[in-house]
Number of protein chains: 2
Amino acid sequence: MDKALKDKIEEFKSYRLDKPPLEIIEHYKKELQAIQDAMEIIQGRWKMSIIALLCNGEFRYSELEKGLPKISPRMLSKELKDLEINGLVERKVYDSIPVKVSYKLADYGYTLVPLIIELTNWGLEHRKMIMKR
Amino acid sequence: MDKALKDKIEEFKSYRLDKPPLEIIEHYKKELQAIQDAMEIIQGRWKMSIIALLCNGEFRYSELEKGLPKISPRMLSKELKDLEINGLVERKVYDSIPVKVSYKLADYGYTLVPLIIELTNWGLEHRKMIMKR
DNA sequence: CTGAATCCGCTCGGATACTG
DNA sequence: CAGTATCCGAGCGGATTCAG
């Protein structure tokens with residue numbers, strides 16, 4: 001682990017509440033609830049991947065299938081529906097033949113961008129770490 | 001939605017790759033993989049909550065149970081084991097009577113702090129949004 | 001092309017009881 | 001106190017087939 005990271009970790013540790021455990025639990029209740037709320041939305045193997053793709057533009061159903069090579073149509077359609085219900089994704093149907101459907105991030109979906117960025121960064125670093133071992 | 005947020009969203013949109021979908025998929029492959037790696041680790045209803053608590057100090061098993069009122073002992077012990085295997089959490093046993101076991105974040109666990117922060121922020125905002133509706 | 005329908009195994013996660 | 005053991009249901013998620 002390099003020094004910059006070690007410093008960073010020390011900085012993080014300094015954020016700690018530094019109280020008896022039961023007091024921490026009491027003071028931290030609201031934040032903990034927030035985390036559980038957030039996790040409920042982004043739960044599932046595919047949701048964040050779909051959102052991350054859509055951060056970069058508009059995609060058709062079949063394009064999303066290409067971007068997520070291992071997803072089954074059942075899952076893709078289910079996850080998209082979930083995301084639409086939660087107001088994160090917008091679905092648009094073009095009345096052409098054959099039918100064309102495109103998905104894009106709703107404005108509300110863009111509020112997840114900072115999270116996506118952190119997730120990506122951590123995932124990249126994590127992979128590096130695993131490779132080293 | 002307030003103006004500051006709208007501006008933020010516009011800023012995010014400007015990050016977009018702005019290429020044909022299939023090219024985006026190609027260029028974005030590595031990041032997408034990173035997201036899936038990360039999600040695999042933090043997957044599950046309780047993992048991030050446990051890590052978030054441990055960001056604030058050291059907790060005993062029974063204290064964690066108090067902090068996560070709805071978790072069953074089976075889940076708590078399983079999730080803690082997962083986190084330990086992934087090098088995120090450290091487990092320490094004190095040979096007293098009765099036995100005392102404490103859990104704390106490993107250094108590697110602290111690398112998740114930025115993610116926790118974003119998750120918390122988004123969860124708090126999301127809750128506000130839901131309330132308004 | 002964009003899914004919906006069906007079937008099925010597996011794991012997640014809860015409830016309860018029990019142990020060193 | 002810190003878990004383990006056992007049982008169970010619900011839903012995740014894959015594979016395949018079919019429809020508009």
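Values below: every heavy atom of this structure, side chains too, minus hydrogens, waters and symmetry copies. The structure presented is a predicted model; accordingly, all values stated were derived computationally and were not measured.
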Could you state the atom-to-atom distance from CD of B:Glu58 to P of D:dA2 in whole Å? 12 Å
Closer than 3.5 angstrom, by distance alone: can the side chain of B:Lys8 be matched with the main-chain N or O of B:Ala4 as a donor-acceptor pair? no
So how far is it from A:Glu31 CD to B:Asn56 CG, rounded to the nearest 0.5 Å? 8.5 Å
Return yes when atom CD of A:Glu11 has more than 12 non-hydrogen atoms of other residues, nucleotides or ligands closer than 6.0 Å, and no otherwise. yes
Length of the line joining B:Ile97:CD1 and D:dA2:P, which is rounded to integer Å: 14 Å
Rounded distance (Å) that lies between atom P of C:dG3 and atom CG of A:Leu83: 13 Å
Is a salt bridge present between A:Glu125 and A:Lys128, judged by a nitrogen-to-oxygen distance below 4.0 Å? yes
Under a 4.0 Å N-O cut-off, is there an ion pair linking B:Lys13 with B:Asp18? no
Where each residue is assigned the nucleotide of DNA chain D containing its nearest heavy atom, which of A:Lys47 and A:Pro98 is assigned the position nearer the 5′ end? A:Lys47
Heavy-atom contacts under 4.0 Å between residues 30-45 of chain B and DNA chain C, which residues? B:Gly44, B:Arg45
In whole angstroms, how far is the P atom of D:dC12 from the NZ atom of A:Lys70? 21 Å
Of the nucleotides C:dC1, D:dA15, D:dA2, which has the atom closest to the B:Arg60 side chain? D:dA2
Send over the distance from B:Leu76 CG to D:dA2 C1', rounded to a whole Å. 10 Å
pair A:Leu53-A:Ile50: side-chain heavy atoms closer than 4.5 Å: no
C:dC1 P sits how many Å from A:Glu63 CD, rounded? 10 Å
Is any side-chain heavy atom of B:Leu32 less than 4.5 Å from a side-chain heavy atom of A:Leu68? yes
Between protein and nucleotides 3-8 of chain D, what N or O pairs are separated by less than 3.5 Å?
residue	atom	partner	partner atom	Å
D:dG3	OP1	B:Arg91	NE	3.4
D:dG3	OP1	B:Arg91	NH2	2.5
D:dG3	OP2	B:Tyr103	OH	2.6
D:dT4	OP1	B:Lys81	NZ	3.4
D:dT4	OP2	B:Ser77	OG	2.7

Salt bridge or not for B:Arg60 and B:Glu63, using N-O below 4.0 Å? no
What is the distance, rounded to the nearest whole Å, between atom CE of B:Met75 and atom P of C:dC12? 7 Å
Which whole-number value in Å describes the distance from A:Ile71 CD1 to C:dA4 P? 13 Å
Closest to side chain of B:Ser62, choosing from C:dG14, D:dG14, D:dC1: D:dC1
Does CD in B:Glu23 sit with more than 12 non-hydrogen atoms of other residues, nucleotides or ligands closer than 6.0 Å? yes
